[in-house]
Protein chains: 2
Amino acid sequence: MTLSALADPTRRAILARLASGEAYVSELAEPFDMSLVAVSKHLKVLEKAGLISKGREAQWRPCRLEPKPLRQVDDWLESYRQFWNDNLDRLEAYAALLQQGEVDEPST
Amino acid sequence: MTLSALADPTRRAILARLASGEAYVSELAEPFDMSLVAVSKHLKVLEKAGLISKGREAQWRPCRLEPKPLRQVDDWLESYRQFWNDNLDRLEAYAALLQQGEVDEPST
DNA sequence: CCTATATTAAACCAATAAGTTAATTAACTT
DNA sequence: AAGTTAATTAACTTATTGGTTTAATATAGG
């Protein structure tokens with residue numbers, strides 16, 4: 001669910017904003033060219049995904065970023081890090097060979 | 001676009017499979033309880049997102065994982081890593097204070 | 001109590017996503 | 001040339017998403 005919550009650019013912008021500190025719903029909505037209701041729904045999606053939590057302060061709902069799901073995305077990426085490092089290694093090895101004149105450069 | 005491509009569990013499973021090596025479309029489709037056509041569409045989504053590429057071998061299309069977009073996700077996470085480490089630091093600092101009997105434990 | 005403010009809920013709409021089946025393209029095999 | 005295999009395209013259905021507007025809820029302040 002985390003990834004689909006992260007798939008929307010508005011929601012990612014909200015998270016970016018929250019990375020620099022708590023904010024109320026209406027503060028979060030301010031930069032966007034859409035209704036407050038729409039932003040409120042985005043926040044609900046983020047909340048269901050555990051990416052944010054909401055407190056209560058009178059009629060305000062201070063929102064804050066929750067690290068756990070993002071950390072899980074990071075963990076999920078772990079298996080692929082191996083993969084792209086391998087690729088990088090091959091590229092570097094190849095570049096080193098080029099340097100030594102061991103292989104011809106591709107014509108394209 | 002990368003994140004929305006990653007939002008679907010079938011597509012993530014396909015990527016996981018490809019992390020262990022190239023595979024043809026029909027091989028990729030085999031584990032899933034859905035038509036080959038459906039999988040072919042998932043592959044199209046992954047391809048448009050740059051997460052995979054397809055070669056040609058007679059009537060087969062060998063698919064392979066492309067590292068770049070995943071690396072970009074990793075880069076995007078970077079800004080939040082700071083954040084969750086901060087959180088962790090605070091937790092650790094708090095735990096240390098508890099240890100020293102500097103603060104009371106919360107009643108809940 | 002009344003009103004203003006902050007937020008959520010309900011009902012609706014258009015666009016997109018994820019699946020289906022049937023038809024088509026392309027390349028190998030006989 | 002005919003048939004088989006691999007994959008894609010087309011047309012369609014259904015569910016979900018992202019937005020709208022209007023109505024409801026909750027709290028603070030005169």
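In the text below, chain A, chain B and the rest are named by the order of the sequence lines, each starting its count at 1.
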For this session: Measure from the side chain of W60(A), starting at C-beta and using heavy atoms only, and say which of dC28(C), dA22(C), dT7(C) lies closest.
Result: dT7(C)
Exercise. For dC12(D), what is the paired nucleotide under Watson-Crick or G-U wobble rules, both distances under 3.5 Å?
Worked result: dG19(C)
Problem set entry | Length of the CG-P vector between D33(B) and dT20(C), whole Å | 8 Å
For this session: Tell me whether the OP1 or OP2 atom of dA17(C) has a side-chain N or O from H42(B) closer than 4.0 Å.
Result: no
Exercise. Could you state the CG-C1' distance from L28(B) to dA6(D), rounded to the nearest angstrom?
Worked result: 13 Å
For this session: Ignoring hydrogens and angles, answer whether the base of dT20(D) and the side-chain atoms of K41(A) contain a donor-acceptor pair closer than 3.5 Å.
Result: yes
Problem set entry | Any R56(B) side-chain N or O less than 4.0 Å from OP1/OP2 of dA6(D) | no
For this session: Check every atom of dT20(D), dT8(D), dA18(C) against the side chain of V25(B) and return the nucleotide holding the closest atom.
Result: dT8(D)
Problem set entry | Which residue lies more 5' along DNA chain D, comparing L36(A) with E57(A) via nearest heavy atoms | L36(A)
For this session: Round to the nearest Å and state the distance from Q59(A) atom CD to dG29(D) atom P.
Result: 8 Å
Exercise. In whole Å, what is the span from the CD atom of E22(B) to the C1' atom of dA6(D)?
Worked result: 16 Å
For this session: Search all heavy atoms of S26(B) against all heavy atoms of L36(B) and return the closest pair with its distance.
Result: CA-CD1, 3.9 Å
Exercise. So, are K68(A) and D75(A) salt-bridged, with charged N and O less than 4.0 Å apart?
Worked result: no
Exercise. Where do E22(B) and R17(B) come nearest, in terms of heavy atoms and distance?
Worked result: O-NH2, 3.8 Å
For this session: Figure out the CZ/P separation between R61(A) and dT5(C), and round it to whole Å.
Result: 17 Å
Problem set entry | Carboxylate-amine/guanidinium proximity below 4.0 Å for E47(B) and K44(B) | no
For this session: Map S26(B) and M34(A) onto DNA chain D by nearest heavy atom, then report which one ends up closer to the 5' terminus.
Result: S26(B)
Exercise. How close or far is atom P of dG19(D) from atom CG of L43(A), stated in whole angstroms?
Worked result: 12 Å
Exercise. What's the shortest heavy-atom distance between L6(A) and R12(A), and which atoms?
Worked result: O-NH1, 2.7 Å
Exercise. Within the structure, does a side-chain N or O atom of K44(B) lie under 4.0 Å from either OP1 or OP2 of dA7(D)?
Worked result: no
Exercise. Donor-acceptor pair, R11(A) side chain versus A5(A) backbone, under 3.5 Å?
Worked result: yes
Exercise. Whole-Å distance between dT16(D) P and K48(A) NZ?
Worked result: 12 Å
Problem set entry | Value in whole Å for how far the C1' atom of dT16(C) lies from CZ of R11(B) | 12 Å
Exercise. Which nucleotide in the set dT7(C), dT20(D), dT9(D) lies at the smallest distance from any side-chain heavy atom of V37(B)?
Worked result: dT9(D)
Exercise. Which one, dT8(C), dA28(D), dA27(C), comes nearest to the side chain of K54(A)?
Worked result: dT8(C)
Seminar exercise, completed: Side-chain atoms of T10(B) come closest, of dG19(C), dT7(C), dA10(D), to dG19(C)
For this session: Check whether any side-chain N or O of S40(B) sits under 4.0 Å from OP1 or OP2 of dT9(D), and answer yes or no.
Result: no
